[in-house]
Amino acid sequence: LLWRGDVDGAIAILNNIDSKKIRNNEKIKQLIDYLNRMRFYIPCYALRKALGLRNSSNRGEKANDIIVAKRQKHNGMSWSREGSSSLAFITCLRKNGELNEWLHNKTISFKLVPIKKKAA
């Protein structure tokens with residue numbers, strides 16, 4: 001169901017599981033709460049696949065790791081979690097050409113920009 005982006009369907013199935021067959025009912029409640037909180041961030045993976053879009057976050061996670069590592073790890077710095085997140089956020093805004101818009105208007109365009117391929 002989540003492959004198709006059907007969060008309500010997934011929650012309905014979780015709500016209909018016989019509680020006698022579950023070791024820890026609190027875990028089901030936590031999962032339902034999580035799905036409700038994250039519903040707007042759960043994509044329709046089937047549609048993304050049909051459109052030829054990635055269904056993996058590994059490129060984004062690696063890019064974030066490189067951005068943070070380049071600034072922090074290689075300079076022998078120790079940062080707080082908030083500082084690391086802020087640095088990654090600002091660096092990504094700058095790399096995506098969104099920094100001025102964010103600084104002046106606190107908005108991000110989320111426009112789809114074609115990737116420029118390097119000449120072979």
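Connectivity analysis of hydrophobic side chains (ILVMFWY, heavy atoms under 4.5 Å, direct or indirect) links L31 to L2, V7, I11, L14, I17, I22, I28, I32, Y34, L35, M38, Y41, I42. Think of Y45 as one node in a network of Ile, Leu, Val, Met, Phe, Trp and Tyr side chains linked at under 4.5 Å; its network also takes in W3.
Among residues at least two apart or in separate chains, salt bridge (Lys or Arg N to Asp or Glu O under 4.0 Å) pairs with a member in residues 35-49 are D8-R39.
Other residues, nucleotides and ligands place no more than 12 heavy atoms under 6.0 Å from the NZ atom of K27.
Under the side-chain contact (heavy atoms from CB on, under 4.5 Å) criterion, K21 pairs with D18, not counting sequence neighbours. For E98, the side-chain contact (heavy atoms from CB on, under 4.5 Å) partners two or more places apart in sequence, or in a different chain, are L93, N96, E101, I108, S109, K111. Under the side-chain contact (heavy atoms from CB on, under 4.5 Å) criterion, I90 pairs with L99, not counting sequence neighbours. For D33, the side-chain hydrogen bond (donor to acceptor under 3.5 Å, both in side chains) test picks out K29, with sequence neighbours left out. Applying the side-chain contact (heavy atoms from CB on, under 4.5 Å) test to E82 and every residue at least two apart in sequence or in another chain returns S80.
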